[in-house]
Amino acid sequence: MLKNTEEVTEKMIQQVVSACEKYRQVQATEQKAKAELHEHEKAEAEAVFPKEKAMYEKLAADASTRCLMAYQWQRDFCIALQKVEPFKARMVLEQHFIRSQPLKAIEVGYGKTMSRTTATHYKKVGIRGFARELDKILSELESKEKIIFGK
């Protein structure tokens, strides 16, 4: 019975780690898409021929769609993260998994850091809560990822 519980916990950890890695990838892709959008809009404004304008308009529309989907993906991810209770668990998830801070460097405010034992406890609580929230929106996130990454 204990092994079954450990497997579920391992699955939850993998799901949370994977989602946080994708969050960083989506952020990078959004920045890249914004730059592409700016380039294509500038090129469209400078274009002389109608086919050239149409080509840059289509490229700008594609980049705009990727920006929008990346924004919506990040919004959904952050909403799910904000539902994790207690606040300290959410804080540990955000700092450890998204910002890649070590557990001994989790800040609680006013220049103070959380002990590693306390951070580990809140990490476990946060993983359970966040995995439950991610399960609810996983299909939506995956459909947006197809548009963002062009799969």
Side-chain angles (χ1 to χ4, degrees), residues 1-44 56-151:
M1 185 82 174
L2 183 62
K3 287 186 179 183
N4 192 17
T5 306
E6 289 174 3
E7 288 173 15
V8 171
T9 304
E10 186 63 33
K11 181 182 174 192
M12 288 177 175
I13 291 170
Q14 288 174 353
Q15 184 179 22
V16 169
V17 169
S18 173
C20 291
E21 286 173 1
K22 283 183 186 173
Y23 178 81
R24 289 190 294 269
Q25 289 175 346
V26 167
Q27 274 186 323
T29 304
E30 181 186 28
Q31 294 303 317
K32 184 178 173 185
K34 282 181 182 179
E36 288 175 9
L37 176 61
H38 180 70
E39 273 181 35
H40 296 316
E41 286 177 341
K42 185 177 177 184
E44 181 186 353
Y56 284 120
E57 185 179 332
K58 183 183 181 317
L59 290 171
D62 291 344
S64 177
T65 302
R66 283 188 287 134
C67 282
L68 178 64
M69 286 299 122
Y71 168 78
Q72 289 177 354
W73 192 100
Q74 291 175 35
R75 181 199 62 204
D76 294 347
F77 178 91
C78 289
I79 288 171
L81 183 61
Q82 292 302 315
K83 291 179 180 178
V84 174
E85 291 294 332
F87 174 74
K88 287 183 179 181
R90 182 169 57 240
M91 186 173 29
V92 169
L93 287 177
E94 191 175 311
Q95 291 182 34
H96 183 64
F97 288 111
I98 296 174
R99 295 188 210 153
S100 301
Q101 288 179 306
L103 287 176
K104 63 183 180 182
I106 301 295
E107 298 172 6
V108 285
Y110 304 110
K112 295 182 181 179
T113 57
M114 194 179 285
S115 73
R116 182 179 289 153
T117 306
T118 305
T120 302
H121 167 72
Y122 282 116
K123 176 182 163 185
K124 290 176 183 176
V125 171
I127 286 172
R128 283 189 207 107
F130 195 39
R132 279 193 301 271
E133 293 300 324
L134 283 174
D135 279 340
K136 296 175 187 175
I137 62 167
L138 202 57
S139 62
E140 293 173 33
L141 294 180
E142 287 173 351
S143 65
K144 290 174 183 167
E145 284 171 26
K146 289 177 184 175
I147 296 169
I148 295 167
F149 299 119
K151 294 178 182 174

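Here the CG atom belonging to L81 is positioned 7.5 Å from the SG atom belonging to C20, to the nearest 0.5 angstrom. The CE atom of M69 sits 12.0 Å away from the CG atom of L141 when rounded to the nearest 0.5 Å. Interatomic distance, L138 CG to S143 OG, rounded to the nearest 0.5 Å: 10.0 Å.
Under the side-chain contact (heavy atoms from CB on, under 4.5 Å) criterion, I79 pairs with R75, K83, sequence neighbours left out. Under the side-chain contact (heavy atoms from CB on, under 4.5 Å) criterion, K124 pairs with T120, R128, not counting sequence neighbours. Looking at residues two or more places apart in sequence or on another chain, you find no side-chain hydrogen bond (donor to acceptor under 3.5 Å, both in side chains) involving R24. In this view, K58 and D62 satisfy the side-chain hydrogen bond (donor to acceptor under 3.5 Å, both in side chains) rule, not counting sequence neighbours. Residues passing the salt bridge (Lys or Arg N to Asp or Glu O under 4.0 Å) test with K22 are E145, sequence neighbours excluded. Qualifying side-chain hydrogen bond (donor to acceptor under 3.5 Å, both in side chains) partners for K136, counting only residues two or more places apart in sequence or in other chains: E133. Shown here are the side-chain hydrogen bond (donor to acceptor under 3.5 Å, both in side chains) partners of K123, two or more places apart in sequence or in another chain: there are none.
When all heavy atoms of D76 and I137 are compared, the closest pair comes out as O-CD1, 3.6 Å. Closest heavy-atom contact between A89 and V84: CB-CG1, 4.2 Å.
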Considering only distance and modelled atom types, tabulate donor-acceptor pairs under 3.5 Å from the side chains of residues 112-119, sequence neighbours left out.
residue	atom	partner	partner atom	Å
S115	OG	T118	N	3.2
S115	OG	T118	OG1	2.8

Distance-only donor-acceptor hits, side chain of residues 12-19, under 3.5 Å, sequence neighbours excluded:
residue	atom	partner	partner atom	Å
Q15	NE2	D135	OD1	2.8

Pairs of donor and acceptor atoms involving the side chains of residues 26-38, under 3.5 Å and at least two apart or interchain, shall be tabulated with distances.
residue	atom	partner	partner atom	Å
T29	OG1	Q25	O	2.8
E30	OE1	Q74	NE2	3.0
E36	OE1	R66	NH2	2.5

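For residues 86-96, the salt bridge (charged side-chain N to carboxylate O under 4.0 Å, His left out) pairs, not counting sequence neighbours, are E85-R90, E94-R99. Applying the ring-ring contact (aromatic ring centres under 6.0 Å, His included) test to pairs two or more places apart or on separate chains, those with a residue in residues 69-115 are Y23-F77, W73-F77, F77-F130.
Judged by distance alone, the side chain of E57 and the main-chain N or O of E44 form no donor-acceptor pair under 3.5 Å.
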